[in-house]
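Values below: every heavy atom of this structure, side chains too, minus hydrogens, waters and symmetry copies. Naming: A, B, ... by sequence-line order, numbering from 1 per chain.
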There are 2 protein chains.
Amino acid sequence: MSNSCSDEGKIVYRLYEISKQTSPKFERCTGISQSRLDLLTKLFEVDEISQTELQKEVNIDHAAVTRHLKQLEEKGMVTRRKNPADNRFMFVRLTDEGRTSISAYQDEKQRFISKVLNGFNEEERSLLLNMLTRIQDNVSNIDPND
Amino acid sequence: MSNSCSDEGKIVYRLYEISKQTSPKFERCTGISQSRLDLLTKLFEVDEISQTELQKEVNIDHAAVTRHLKQLEEKGMVTRRKNPADNRFMFVRLTDEGRTSISAYQDEKQRFISKVLNGFNEEERSLLLNMLTRIQDNVSNIDPND
DNA sequence: GGTCAATCATTGACCCGTCAACTAATATAA
DNA sequence: TTATATTAGTTGACGGGTCAATGATTGACC
């Protein structure tokens with residue numbers, strides 16, 4: 001139990017370190033941030049989608065989504081239009097240009113991912129994914145008012 | 001191999017999700033950010049230390065360390081003084097008040113960590129820690145110019 | 001039909017991080 | 001000893017995130 005306790009802190013700390021070290025490298029390797037590519041990938045999978053619906057698929061809040069999309073619009077990667085049937089909704093879709101440039105990012109991302117998991121065989125990957133999923137469940141069940 | 005490839009992306013994405021979901025909850029549960037508590041914990045373990053030496057122990061850059069410490073100084077958690085023997089160095093140390101308030105944070109942190117790893121037995125923890133360490137190694141070996 | 005509530009998007013204030021430029025102090029070496 | 005390099009710390013510009021307040025639009029209900 002004493003070992004288990006001392007490992008506990010290390011695991012959570014390691015997760016924290018990994019994320020802090022991975023984010024900047026991901027961005028340098030692929031040329032885009034994880035969040036933004038995540039956003040674009042969701043857009044890639046659909047034709048047109050409302051911002052809130054998009055937001056629910058992604059780990060960032062409304063405000064950040066709005067700002068990302070405004071910047072992406074300026075860059076000509078996406079277009080936005082109001083839902084004619086309900087003007088509260090903003091529909092977003094990739095431009096053709098945006099759609100083609102994503103695949104380059106995706107390729108870089110795939111190369112990056114392979115490096116991160118270098119040396120892990122199939123069994124280990126599945127084990128790891130399973131554990132991470134359990135951790136994610138635990139985290140989502142944590143209630144700050146406790 | 002196809003399974004392995006599809007899992008690859010999920011693992012890295014899960015790591016990304018976990019960190020994004022954990023950080024805000026950690027802060028709400030413990031009342032302090034992971035980075036700041038990390039900084040304070042290092043300070044707790046020593047008597048007096050220079051800022052660069054402190055920075056090397058932590059995953060944040062010089063600028064952020066400076067800003068953290070200035071804020072902590074305003075709150076009365078730390079004191080700073082120049083090294084009389086070399087005025088380039090800024091020595092930092094916890095105040096008595098800072099030293100006592102850390103232990104409360106540490107307790108909350110420990111409770112938080114236990115929740116995150118709920119349901120993991122000792123063997124799993126050690127396996128997981130091992131895998132995460134390998135991933136961290138892989139990440140640190142990634143060269144953006146490649 | 002008009003008021004009230006709910007929903008989507010936007011904005012502002014703030015926190016935290018990086019990078020790059022800068023200042024100040026010290027070390028080095030011609 | 002004086003010019004140059006190095007080192008520690010600070011600051012400004014910026015990117016990106018959250019939360020809370022606001023505005024606009026629509027739905028629901030008396």
N or O in side chain of [X] less than 4.0 angstrom from [N] OP1/OP2:
| X | N | value |
| --- | --- | --- |
| A/Arg81 | C/dA9 | no |
| A/Asn87 | D/dT26 | yes |
| B/Arg80 | D/dT10 | yes |
| B/Thr66 | D/dG9 | no |

Rounded distance [0.5 Å steps], [atom1] in [X] versus [atom2] in [Y]:
| X | Y | atom1 | atom2 | value |
| --- | --- | --- | --- | --- |
| A/Leu69 | A/Leu40 | CG | CG | 8.5 Å |
| B/Arg14 | A/Arg134 | CZ | CZ | 13.5 Å |
| B/Ile135 | A/Leu128 | CD1 | CG | 5.0 Å |

Can you tell me the distance, in whole Å, between the [atom1] atom of [X] and the [atom2] atom of [N]?
| X | N | atom1 | atom2 | answer |
| --- | --- | --- | --- | --- |
| B/Phe89 | C/dA27 | CZ | C1' | 12 Å |
| A/Met90 | C/dT7 | CE | C1' | 15 Å |
| A/Arg88 | C/dC8 | CZ | P | 7 Å |
| B/Asp86 | C/dA24 | CG | C1' | 11 Å |
| B/Gln55 | D/dT10 | CD | C1' | 14 Å |
| B/Asn83 | C/dA25 | CG | P | 13 Å |
| A/Leu72 | D/dG16 | CG | C1' | 13 Å |

Shortest non-hydrogen separation from A/Gln55 to A/Ile60 and the atoms involved: NE2-O, 2.7 Å

For B/Thr95 against B/Gly76, the heavy-atom pair lying closest together: OG1-O, 2.8 Å

For B/Phe112, all residues meeting ring-ring contact (aromatic ring centres under 6.0 Å, His included), sequence neighbours excluded: B/Phe26

What residues form a ring-ring contact (aromatic ring centres under 6.0 Å, His included) with A/Tyr16, not counting sequence neighbours? A/Tyr13

State the dot-bracket string of DNA chain C. Criteria: Watson-Crick or G-U wobble, both atom distances under 3.5 angstrom; notation: ( ) intrastrand, [ ] crossing earlier pairs, | interstrand, . unpaired. ||||||||||||||||||||||||||||||

Could you note down all residue pairs passing salt bridge (charged side-chain N to carboxylate O under 4.0 Å, His left out) where residues 18-30 of chain B supplies at least one of them, sequence neighbours left out? none

Step-by-step salt bridge (charged side-chain N to carboxylate O under 4.0 Å, His left out) determination, B/Glu45 to B/Lys42: CA-CA 5 Å; B/Glu45 292 163 1; B/Lys42 302 293 184 204; 5.1 Å; no

So, with a heavy-atom separation below 4.0 Å from DNA chain C, the residues of residues 40-54 of chain A are A/Gln51, A/Thr52

Side chains of A/Gln106 and A/Thr41: do they bring a donor and an acceptor to under 3.5 Å? yes

With B for base contact, S for sugar-phosphate-only contact and - for none (protein heavy atoms under 4.0 Å), nucleotides 12-20 of chain C reads BB--SSBB-

Hey, is B/Glu73 close enough to B/Lys70 for a salt bridge, meaning N to O under 4.0 Å? no

What I'd like to find out is whether the side chain of A/Gln51 reaches to under 4.5 Å of the side chain of A/His62, using heavy atoms alone. no

Taking the side chain of B/Lys70 as its heavy atoms from C-beta onward, which of D/dG9, D/dT10, D/dT26 lies nearest to it? D/dT10

